[in-house]
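The structure presented is a predicted model; accordingly, all values stated were derived computationally and were not measured.
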Amino acid sequence: MKKYNYVPVIGLEVHIELSTKRKMFCDCSSEHFQIKPNTNVCPICLGLPGALPYPNKEAVKKCIKFGISFNCMINKFSKFDRKHYFYPDLSKGYQISQYDIPFCEGGHWKSSVNSVFRIKRIHLEEDTGKIQHRKIGSEYFSLIDFNRSGVPLMELVTEPDFSNINDVLDFVKDVQLASRYLEVSNADMEKGSMRLEANISLRKEETGKRDQMKRLPDYKVELKNINSFRFLRSALEAEIKRQTDILKMGDKVIQETRGYNEKTHQTYSQRSKEEAKDYRYFPEPDIPPILHQSKEIDIIKTDIPEMPWMKRQRYKKDIGLKDEYTEIFLKDRKRSAYFEQILLLNKNSGLDLSYIADQIVNKNLDLKYQSPQKLLNALSVEKNKTYASSKEIKNAADSVLKENTKAIEDLKNGKIQILGYLIGSIQKKLNGKGNINEIRRYIENALMEN
Amino acid sequence: MTTQSTIEKNQKLLLEKKASMRELVDAYLKTIQKYDGVLNSFITVNNEISLKKADLVDKLLSKNDKVSILSKLPLLGTVVSYKDLFLTKGIRTTAASKVLESFVPQYSATVVDKLENAGCINIGKTNCDAWAHGSSGENSDYGVTKNPWGVEYVPGGSSSGSAVSVSANMCTVSLGTDTCGSIRLPANYTYTYGLKPTYGAVSRYGVIAMASSLDCIGHFSKTAADIKKVFEITKGRDLKDATLDEKSYNKKLTNMVIGVPDEFFQNGLSDEVSLNIKKAISLFEKNGVKFNKINLPHTKYGISVYYIIQPAEVSSNLSRYDGIRYGKGRDAFSEEAKRRIMLGTYVLSSGYYDAYYLKAMKVRSVIIREIDQAFKSCDAIIAPVSTTPPFKLGEKISDPLKMYLTDIYAATANLAGIPSLAIPFGFTNDGMPLGFQIMGPRYSENLLFHLAENFEAYSNYTIKNPDIYNL
């Protein structure tokens, strides 16, 4: 039997809870994390008889903003649809979602080495409630908390363009950063405001064709319950290994939904294709189609800041910053803003930007100097300082050591704080022009010689 | 004291201090007590609540002069009943189904709040076909409602109890819903006015949904003037129903032309109904209104389209009653609801969606275009409400398809979203009520009220009450 190499084919679904003040279709606060159950609820998000949805414009705008930043086409005619299934946390027996005409379609994301990954669609829907299974007294109860019901949820779906795990991780991290840059969501994995699902299958390695032209495998496995970037990596690794083993045995991989067990580091079967649901989508009759003029979309466009991937390119190309430093700045928006000010102010100082970045990242000087200008001043002074010569240090140090024999004994006996006193005294003699490290070294040597 | 039939009469009694609000409400309650045992038009009667509210109105009456009380309470003296689909805070709301037997709402429908603020007093919740599924009033889980003009006849549905409660003077006006004739048919069968407004004119918030893209909130009364008065209060945006709009109809109400669709006066229409409408037409004509033959060739598909879209939306809207939160399980649904859930689930299933639901929506668009086109050659359209006068209880209940065809003339207005007013006019040889409907372009309710008020003059309309004393 011929042996093949297998290449992973991975597509992603990312759910992001939007940080709007109100829920998607009612006026309730969208706060639900660690809030007393069923306190942010109303007839609409409880799905009571007679209640109707009224769409939240802020959420729609945020979704479109997010889509534009990922180079999506924005549908000028869009609509909501009902997606039907029964589950106790789904208050109406259907979820208001978007089916065939989402707000955003056909975008892409570029990795740091300019590989292109296509984004199929980004749509808006409402989140469900949460079920808690609890023992109260001697009885078991399943309790429903509807605080989360109706919170705006944005879903991004990629094409199955990913073939290695590093790209997947880089992408989802950029999605998280993008959410924060655009202020559409804090996208915290721990709080569940960002949730990941991956579709994964393996195909035989082919050469020549571009990835997107290659034939897709005739199955896919959906991975769910992934709560962190770390688990995403290990779940993908485990699943690729599992599927490779099956295929190498000459067997077929079953199309199904699998979860990831954080303890065993294995994926496990949750639901097979035979139980696939028919959601009976149809246009939500309670919400008229949503129309957007080009003008409105243009206005939203002006609201989009420099995205992380743009900043990354700029730091790399224009500044030649180390990747490691770039990523630190990208992640920490406060630091990044600080560094941006440095870039503006540093035009004339002639200080090397990599050097400044190093001082900020490794010595936390941005914390010491709240004003970027003051940091630049300090660094300039440091750079332009003329230090005392070794001979001057030797003279000054010798005389101080001679005057402080008692102190030297104490230091030898472990009174380490004496060292600071000695350095200070020597600096005083040098009018502060000594290099502290050099002075320290001299004292240490002198002590050892004694 | 006998109950009065119009808002104006009640207001006059109150303002001239010939009666207190408490006495008025008490008179309505006594009428209900006396006759509703037979008619069964109420599911819940608000004995205490309505009297308490009456005392509040009496207090306001004693503190305000005529002008200020009417500006505060434009519907002063109006005793209203609500189809049991309208949510009323603290008052049980069943949709006439056992599923919601013990459901007491936490909030009131927008329309209920608006009417309450305008001075209306809620006397009770009326019987109807469960979930508004039906054309005869026979599908209620709380017993059949009977026609006060002949108790062996159906009152028409689904807003059966609302129509009967107005007809038999158990309230001044009543609120109902019209998804495919559910107001106009029972109005027509009980000699009352019934308005189905433009889709999007009156908030549906807080009214249990049947088929969301077709449901309209309307009402019954004994005069065209009262229909208008109530609509002035119920219409308009509430920021809860996203499908609402506010548009006005600006065409001049002179030199009017009414279209007579050929297709609505062909086979299947009973002679009695047809001849009666011709009489109405000649009364209009004598007074200078012109009539034009028009063609609406696609409206014949209306009922087919309706019986795809409606069950689809019903199956979706009823899925929240999943047995977890409202006390009763899905087995508590009656046959007709189950039938519609099955039909709707089927037409929305993958593989069938395109053939049924999508196609029906396309035909619906064709009908809408056809109606819009028709209004270029006429100001309004006259049509029968039903193929026959009121039929007997039990006559169609065992044959759902026959029952569905009762609404053949109603579907057009719901599918196209246009307003339609059922106007009482004439009686059969057996003394059962007759009438017709007038449809207008979207948001042209004023035009319909104008025509109806004129027609009252042309026909020397007087309020007629069924002989309920013989019950």
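A salt bridge is defined here as a Lys NZ or Arg NE, NH1 or NH2 lying under 4.0 Å from an Asp or Glu carboxylate O, and B:D372 with B:R442 meets this definition. Ion pairing between A:R82 and A:E284 holds under the 4.0 Å rule for side-chain N and carboxylate O. Ion pairing between B:E101 and B:K98 holds under the 4.0 Å rule for side-chain N and carboxylate O.
In this structure, chain A has no heavy atom under 4.5 Å from any part of B:S203. For B:L239, the parts lying near chain A are the backbone and the side chain together; criterion is any non-hydrogen pair under 4.5 Å. For B:Y352, no part sits under 4.5 Å from any heavy atom of chain A, backbone or side chain. When heavy atoms are compared at a cutoff of 4.5 Å, B:N317 approaches chain A by way of both its backbone and its side chain. Contact annotation for B:R204: both backbone and side-chain heavy atoms come within less than 4.5 Å of a heavy atom of chain A. Using a 4.5 Å cut-off between heavy atoms, B:Y107 contacts chain A through its side chain alone, with no backbone atom that close. With a 4.5 Å cut-off on non-hydrogen atoms, B:I324 touches chain A through its side chain but not through its backbone. With a threshold of 4.5 angstrom between heavy atoms, A:F282 approaches chain B through its backbone and through its side chain. Within the 4.5 angstrom heavy-atom criterion, only backbone atoms of A:Y281 (N, CA, C, O) approach chain B. With a 4.5 angstrom heavy-atom cutoff, B:Y346 does not touch chain A via any of its atoms. Residue B:F86: no heavy atom, backbone or side chain, is found under 4.5 Å from chain A.
For A:E31, the CD atom sits in a loose shell: 12 or fewer heavy atoms of surrounding residues, nucleotides or ligands are nearer than 6.0 Å.
Ring geometry for B:Y321 versus B:W131: interplanar angle of 30 to 60°, hence tilted.
Nearest heavy atom pair, residue B:T93 against residue B:P105, reads OG1-CG, 3.2 Å.
Within the 3.5 Å criterion, the main-chain N or O of B:Y142 finds a donor-acceptor partner in the side chain of B:S140.
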